[in-house]
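Have a look at the structure below, then the notes.
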Amino acid sequence: MGYLKGGWRRGTLVVIIAIGLLFAGIFVSNYFQAKAAGESSNHPKNEHINRAIAKGPAPETIVRNTKDAKFEKEWIQKQQDKEIIWRNKQDQVPETTTPENEVAQPGTKETGTPQTPTKESNANQPEQNNTPPEENHKTVYLTFDDGPAPFSGEIIALLEKYHYKATFFMIDGNIRSYPNSVKLMVSSGETVGLHSVSHNVKKFYASADSVISELTQNRNTLKEISGIDSYIMRTPYGSVPHMSAEYRKAVNDNGYLMWDWNIDSKDWYYKDARYVNSVIEQLNRMANHNGPIVILLHERKETLAHLPALLEYLSKQGFECKAIDNSMTPYQFSVR
């Protein structure tokens with residue numbers, strides 16, 4: 001009996017130990033399974049980080065950055081559009097200004113159609129501005145005799161400053177002496193014309209043949225130097241009283257276009273600033289004149305010295321200065 005009790009106790013102890021080991025094994029097994037599961041759950045996260053490092057920003061980040069760049073580009077474009085609109089407003093010409101190509105030269109067809117002002121613009125404009133642009137526009141023809149000269153380029157530079165053009169009636173010998181001045185006139189868009197060889201009353205007006213002979217030589221020299229075959233001409237000291245009916249017929253038959261003037265600046269007489277006042281006084285008297293206004297000037301140093309004052313006056317008064325062309329009917333003195 002004692003033996004059985006002792007054996008039972010030992011058996012019980014063994015069972016308890018076995019159960020304990022079983023639970024310990026289960027615990028250890030669960031621990032390692034849990035650890036393995038934790039490492040497995042962290043793998044996608046590590047893989048995402050590694051992919052991000054290897055391939056750059058995540059797709060959603062790229063989308064966001066693309067939207068930011070697009071927004072920035074649109075903002076810059078809007079700013080540029082605003083700047084363009086502002087510049088256009090600064091460059092706009094008032095509606096009362098007549099574009100140059102909408103004003104017809106005498107004897108030619110109009111090349112443009114004046115724009116019709118809107119009702120709003122009419123409401124804000126003075127009443128006198130409702131007149132058609134061509135009626136308000138004033139044109140004069142500046143003509144320079146006896147050139148070219150060493151300072152012809154200075155005269156042209158002043159004309160260019162005001163966007164004016166002029167006509168130069170030149171003497172044969174001066175054309176040969178200053179060929180570069182002639183070429184500059186042509187390249188600048190001025191009109192080049194004839195003004196005799198001798199500029200001498202007795203020689204030029206000796207006969208119809210002498211008139212045509214000098215004009216022909218003058219024309220050939222101008223053509224040789226400039227390449228321009230011009231028939232626009234002015235006789236020495238004007239057509240009256242020396243150009244007889246016979247002389248006029250000879251000029252017309254040979255195709256020459258003879259021009260006089262209706263404003264004499266008298267720069268040949270005053271030789272100072274008084275010639276400018278003379279031109280202004282005569283312009284005022286011709287306010288209602290119909291037809292071309294032709295102003296006589298000379299290529300003289302004294303004329304050049306005060307030419308800026310004349311051009312400034314013409315500009316402020318709204319005059320446009322054009323060059324004579326072949327399509328125009330020449331202005332000539334009346335023969336009594």
Side-chain angles (χ1 to χ4, degrees), residues 100 105-108 139-199 204 211-239 243 251-252 254-263 265 267-268 292-301 303-304 307 310-311 320-332:
E100 182 177 357
Q105 294 185 351
T108 61
T139 302
V140 296
Y141 296 88
L142 298 176
T143 62
F144 293 86
D145 283 10
D146 299 350
F151 47 82
S152 297
E154 297 179 57
I155 295 176
I156 294 173
L158 286 172
L159 294 172
E160 291 293 320
K161 177 181 178 182
Y162 292 92
H163 306 287
Y164 287 169
K165 298 299 177 186
T167 302
F168 293 82
F169 294 105
M170 297 179 286
I171 297 173
D172 191 86
N174 290 341
I175 294 175
R176 291 200 177 277
S177 297
Y178 306 106
N180 290 334
S181 294
V182 180
K183 294 175 183 177
L184 179 61
M185 293 172 186
V186 173
S187 64
S188 300
E190 320 297 337
T191 291
V192 289
L194 315 173
H195 197 43
S196 82
V197 176
S198 66
H199 203 271
F204 185 85
V211 170
I212 299 303
S213 176
E214 287 208 17
L215 290 175
T216 301
Q217 180 180 332
N218 200 181
R219 179 168 59 86
N220 289 337
T221 299
L222 178 59
K223 184 177 180 180
E224 175 189 337
I225 298 299
S226 69
I228 302 298
D229 191 12
S230 177
Y231 282 80
I232 295 173
M233 49 80 69
R234 172 174 287 163
T235 61
Y237 309 104
S239 65
M243 287 293 288
V251 165
N252 292 334
N254 283 272
Y256 291 104
L257 302 173
M258 184 176 67
W259 281 83
D260 289 313
W261 59 87
N262 46 24
I263 290 184
S265 69
D267 58 345
W268 52 272
I293 298 177
V294 185
I295 302 176
L296 171 64
L297 297 159
H298 294 82
E299 288 200 58
R300 303 172 59 92
K301 289 184 178 180
T303 301
L304 172 61
L307 185 59
L310 176 59
L311 299 184
E320 181 178 10
C321 296
K322 293 184 177 182
I324 291 169
D325 63 62
N326 293 324
S327 68
M328 300 172 61
T329 300
Y331 174 85
Q332 298 176 358

Rounded distance [0.5 Å steps], [atom1] in [X] versus [atom2] in [Y]:
X: I175; Y: F168; atom1: CD1; atom2: CZ; value: 12.5 Å
X: K301; Y: L307; atom1: NZ; atom2: CG; value: 16.0 Å
X: D172; Y: T221; atom1: CG; atom2: OG1; value: 3.5 Å
X: S239; Y: D260; atom1: OG; atom2: CG; value: 3.5 Å
X: S230; Y: N326; atom1: OG; atom2: CG; value: 6.5 Å
X: W259; Y: F169; atom1: CH2; atom2: CZ; value: 7.5 Å

Please enumerate all residues that pass side-chain contact (heavy atoms from CB on, under 4.5 Å) together with [X], with sequence neighbours excluded.
X: Y178; answer: P148, P150, S181
X: S177; answer: none
X: T216; answer: I212, R219, N220, Y256
X: V186; answer: V192, S226, I228

Is any side-chain heavy atom of [Y] closer than 4.5 Å to one of [X]?
X: L257; Y: M233; value: no
X: V182; Y: N180; value: no
X: L194; Y: M170; value: no

Subject >> Candidate pair L215 and V251, rule side-chain contact (heavy atoms from CB on, under 4.5 Å), full reasoning >> reply: CA-CA 9 Å; L215 290 175; V251 165; 4.3 Å; yes

Check for a donor-acceptor pair, side chain of [X] on one end and backbone N or O of [Y] on the other, with a separation under 3.5 Å.
X: S188; Y: M185; result: no
X: E214; Y: S198; result: yes
X: Q217; Y: V197; result: no
X: N262; Y: P292; result: yes

**OP:** Evaluate the criterion side-chain contact (heavy atoms from CB on, under 4.5 Å) for residue pair M258 and M243; output intermediate values, then yes/no.
**Re:** CA-CA 11 Å; M258 184 176 67; M243 287 293 288; 3.9 Å; yes

**OP:** Sorted by first residue and then second, give each salt bridge (charged side-chain N to carboxylate O under 4.0 Å, His left out) pair with at least one member in residues 173-188; sequence neighbours left out.
**Re:**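 Of all non-adjacent pairs touching residues 173-188, those that pass salt bridge (charged side-chain N to carboxylate O under 4.0 Å, His left out) are R176-E224.
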
Show the nearest heavy-atom pair for residues [X] and [Y], with the distance to one decimal.
X: T139; Y: I293; result: O-CB, 4.2 Å
X: S196; Y: N218; result: N-OD1, 2.8 Å
X: L158; Y: L304; result: CD1-CD1, 3.8 Å
X: A166; Y: F144; result: CB-CE1, 3.8 Å
X: H298; Y: W268; result: CE1-CD1, 3.6 Å
X: A323; Y: M328; result: O-SD, 4.4 Å

Original post:
Thinking salt bridges, do E160 and K165 make one under a 4.0 Å N-O criterion?
Top reply: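 A salt bridge is present here (some side-chain N lies under 4.0 Å from a carboxylate O).
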
**OP:** Check the pair I232, I324 against side-chain contact (heavy atoms from CB on, under 4.5 Å), reporting the backbone distance first and the verdict last.
**Re:** CA-CA 8 Å; I232 295 173; I324 291 169; 4.1 Å; yes

**OP:** Please collect all side-chain hydrogen bond (donor to acceptor under 3.5 Å, both in side chains) contacts where either partner lies in residues 143-155, sequence neighbours excluded, each pair once.
**Re:**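 Sorted pair list: T143-R234, D145-R234, D146-H195, D146-H199, S152-E299.
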
**OP:** Evaluate the side-chain contact (heavy atoms from CB on, under 4.5 Å) criterion for residues L142 and T167: first the C-alpha distance (whole Å), next the side-chain angles of each, then the deciding distance (0.1 Å), finally the verdict.
**Re:** CA-CA 6 Å; L142 298 176; T167 302; over 6 Å; no

